[in-house]
Amino acid sequence: MLLIYQIKVGLCLIAFYLLWKLLLSRETFHRFNRVALLSVMALAMVLPWMRLSLDAAAPVAQQMVVLEDLIVTPNTQVAGQQSSWSVMGIATVLYFIGMALVAAWLLHSQWNLRRLMKNGRREALPNGASLHVVPGDISPFSYFGHIVINEQDYRDNPREILIHEQAHIDLRHSLDIIFWSLVALFQWWNPAAWLLGRELRQVHEYEADMAVLNQGVDVKQYQLLLIRKSVGNQLFSMANSFNYQSLKKRIRMMTMNKSSRWNTLRALAVVPVIALALLAFANPKSVAAGVTSVQQDNAVQSEVQAPEPVQVEAANQPVEVKAVPEAVEMNTEELAPVDTEPQSKKVYNSVEQMPEFPGGMAEMMKFLQQNIQYPANAAKNNVEGRVILQFVVEKDGQIGEVKVVRSVDPELDAEALRVVKSMPNFIPGRQDGKPVAVWYTIPISFKLQSKPQKQDGE
């Protein structure tokens with residue numbers, strides 16, 4: 001699911017940024033730092049797809065499961081009002097609106113950049129780059145094989161500025177900016193994504209400054225040039241600018257002693273963060289349930305979430321069951337009267353009168369307790385977990401289509417499907433006084449209260 005993936009990427013980016021700022025941001029091995037920044041951004045995008053399979057859920061994985069469940073099965077009832085808009089649906093719409101705005105900003109920057117280059121006087125440099133000399137107070141910048149400089153800078157300080165911008169081109173910094181722009185586009189809501197971009201640009205400036213000094217330019221002369229032009233502004237988000245906004249850091253970096261190569265080992269601090277992320281995103285066979293359980297003679301728990309507990313008896317033991325079906329987020333549509341034939345085939349997410357199990361919630365709990373059987377092979381192998389099903393209560397109350405929203409194990413999935421399909425007809429849901437088909441979801445947790453002991457010889 002998109003939102004779950006984006007949240008996981010965001011958490012990784014935040015952790016990596018904090019590590020970077022704490023351990024590497026003040027070091028002088030700029031090439032290493034540049035590679036480190038690009039690597040952690042790429043890792044953040046990839047780690048959520050790397051799903052380990054664990055026999056037992058780590059505590060951090062349990063918290064992630066709770067988060068995923070809150071997103072997968074949100075409560076669509078707000079302040080007693082019926083609404084076809086869920087929290088996740090609204091969040092998804094807002095996410096894509098923000099993404100569209102960031103994309104428009106990046107494209108506008110690209111358009112302005114190319115328009116400015118066309119308006120300038122173009123010259124070919126000996127190294128193959130194109131120089132664009134433009135009128136006005138424009139800060140020098142480079143973009144792939146192009147360097148843009150205003151008339152005054154070209155007349156007064158061409159050598160230092162051209163060396164600086166040529167370094168950006170030779171080091172292919174524009175490719176880094178394109179990659180970061182894609183990360184920022186998908187993670188526009190995450191401050192860490194923008195902060196990492198700022199750090200990456202800062203490292204670019206350090207590298208270009210060192211290239212200028214390595215060409216024999218006097219350090220003090222170059223620093224004075226930066227100070228004189230400190231009023232300059234960066235105009236284009238996707239260009240490498242002769243940036244003066246971080247002037248103090250750049251001057252300090254030029255005068256610092258080179259960092260010890262041993263300090264690069266600080267980057268190994270990312271390893272435990274990666275391990276923690278893999279644990280958090282793992283697919284555990286045993287998922288701890290977050291609610292009170294149904295306990296049976298065979299030490300099996302089967303539960304369905306609910307806001308209020310209902311007391312029942314099972315196997316001569318008092319147990320507490322939490323259960324209520326919830327509207328599932330599928331085929332989100334505006335609720336409308338059921339008048340025409342196409343409307344009559346609509347499956348609603350939420351209606352004025354929701355379907356009800358015959359006899360109410362307590363009877364549904366009894367039905368689940370009496371009919372769910374823990375698969376023998378799954379119990380033998382200590383397989384536990386939470387299966388989330390969605391099903392349609394048709395207009396006549398029959399159970400229609402049934403799907404697994406969250407899978408745990410083929411045997412547990414099959415048992416949950418079997419029991420739901422065997423449910424008696426519901427009292428159908430109604431919209432505008434007419435019976436309609438409605439999507440529902442039921443989470444069913446399978447948990448062994450005591451692990452079966454393997455016999456000798458097994």
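Model, not experiment: these values are computed from the prediction.
Checking side-chain atoms of Ser109 against main-chain N and O of Trp105 turns up no donor-acceptor pair under 3.5 Å. Asn349 contributes no side-chain N or O that, together with a main-chain N or O of Trp439, makes up a donor-acceptor pair within less than 3.5 Å. Remark: side-chain polar atoms of Asp396 are paired, donor with acceptor, to backbone N or O of Gln398 under 3.5 angstrom. In terms of modelled atom types and a separation under 3.5 Å, the side chain of Trp20 and the main chain of Ser25 share no donor-acceptor contact. Within the 3.5 Å criterion, the main-chain N or O of Ile372 finds no donor-acceptor partner in the side chain of Glu415. Using a distance-only test at 3.5 Å, with no hydrogens or angles considered, a donor-acceptor pair links the side chain of Trp180 to the main chain of Ala193. Distance alone, capped at 3.5 Å, is enough to place a donor-acceptor pair between the Glu411 side chain and the Ala378 backbone. For the pair Glu394 (side chain) and Ala437 (backbone), a donor-acceptor distance under 3.5 Å is absent. Between the side chain of Thr28 and the backbone N or O of Ser259, at least one donor-acceptor pair lies under 3.5 Å. Using modelled atom types, no side-chain atom of Asn381 and backbone atom of Val383 make a donor-acceptor pair closer than 3.5 Å.
To the nearest 0.5 Å, atoms OG1 (Thr441) and CZ (Phe391) are separated by 8.0 Å. For the atom pair CG (Asp209) and NZ (Lys249), the distance works out to 14.0 Å, reported to the nearest 0.5 Å. For the atom pair Arg406 CZ and Ile444 CD1, the distance stands at 14.5 Å (nearest 0.5 Å). Between the CE atom in Met99 and the OH atom in Tyr95 there is a gap of 5.0 Å [rounded to 0.5 Å]. Interatomic distance, Arg172 CZ to Ile178 CD1, rounded to the nearest 0.5 Å: 14.5 Å. Remark: Leu101 CG to Phe96 CZ distance equals 13.5 Å, nearest 0.5 Å.
In terms of heavy-atom proximity, Pro358 sits nearest to Phe426 at CD-CA, 4.1 Å. Smallest separation of non-hydrogen atoms from Pro48 and Tyr5: CB-CD1, 3.6 Å. Looking at every heavy atom in both residues, Ala416 comes nearest to Leu389 through O-CD1, 3.4 Å. Residue Val270 comes nearest to Val40 through the heavy atom pair CG2-CG1, 4.4 Å, listed as atom of the first residue, atom of the second, then distance. Contact record, Ala184 with Val102: O-CG1, 4.5 Å, taken as the closest heavy-atom pair. Contact between Val438 and Met354 at its shortest, heavy atoms only, is CG1-CE, 3.8 Å.
Residues Leu200 and Leu196 are not in side-chain contact: their nearest non-hydrogen atoms beyond the backbone lie 4.5 Å or more apart. Here the side chains of His30 and Leu171 are not in contact, with every heavy-atom distance at 4.5 Å or above. Looking at heavy atoms from C-beta onward, Glu205 lies in side-chain contact with His168 at the 4.5 angstrom threshold. Put simply, the side chain of Met50 reaches to within 4.5 Å of the side chain of Leu47, judged on heavy atoms. By the 4.5 Å heavy-atom criterion applied to side chains, Ile177 and His204 are counted as neighbours. In this structure, the side chains of Gln110 and Tyr143 come closer than 4.5 Å at one or more pairs of heavy atoms. Between Tyr17 and Glu199 the shortest side-chain heavy-atom distance falls below 4.5 Å. The closest side-chain heavy-atom distance from Leu175 to Phe144 is below 4.5 Å.
Listed by first and then second residue, the salt bridge (Lys or Arg N to Asp or Glu O under 4.0 Å) pairs that reach into residues 420-429 come to none, sequence neighbours excluded. The list of salt bridge (Lys or Arg N to Asp or Glu O under 4.0 Å) pairs with a residue in residues 27-43, not counting sequence neighbours, reads Glu27-Arg266, Arg31-Glu207, Arg34-Asp176, Arg34-Glu207. The salt bridge (Lys or Arg N to Asp or Glu O under 4.0 Å) analysis of residues 183-193, with sequence neighbours excluded, yields no pairs.
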**Report entry** Criterion side-chain contact (heavy atoms from CB on, under 4.5 Å) on Phe179 and Leu38, from CA distance to verdict
**Finding:** CA-CA 8 Å; Phe179 173 70; Leu38 294 172; 3.9 Å; yes
Report task. Take Ile169 and Glu165, measure what side-chain contact (heavy atoms from CB on, under 4.5 Å) needs, and give me the verdict at the end. Result -> CA-CA 7 Å; Ile169 294 175; Glu165 297 305 330; 5.7 Å; no
Requested in this report: Test side-chain contact (heavy atoms from CB on, under 4.5 Å) on Leu13 and Trp194 and set out the steps.
Outcome: CA-CA 10 Å; Leu13 286 176; Trp194 299 94; over 6 Å; no
Query - Pair Leu412-Tyr374, side-chain contact (heavy atoms from CB on, under 4.5 Å): steps then yes or no - result: CA-CA 8 Å; Leu412 300 187; Tyr374 212 105; 4.2 Å; yes
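Inspection of the Tyr348 and Gln431 side chains reveals no N or O donor paired with an N or O acceptor under 3.5 Å.
The salt bridge (charged side-chain N to carboxylate O under 4.0 Å, His left out) check on Glu356 picks up nothing, with sequence neighbours excluded. Checked against salt bridge (charged side-chain N to carboxylate O under 4.0 Å, His left out), Arg114 has no partners two or more places apart in sequence or in another chain. By the salt bridge (charged side-chain N to carboxylate O under 4.0 Å, His left out) test, Arg430 pairs with no residue at all, sequence neighbours left out.
When the shell of 6.0 Å around CZ of Phe186 is examined, it contains 12 or fewer heavy atoms from other residues, nucleotides or ligands. Counted within 6.0 Å of CZ on Arg115, heavy atoms from surrounding residues, nucleotides or ligands total more than 12; the atom is thus considered enclosed. Within 6.0 Å of atom CZ in Arg26, 12 or fewer heavy atoms from other residues, nucleotides or ligands are found, so the atom counts as exposed in its surroundings.
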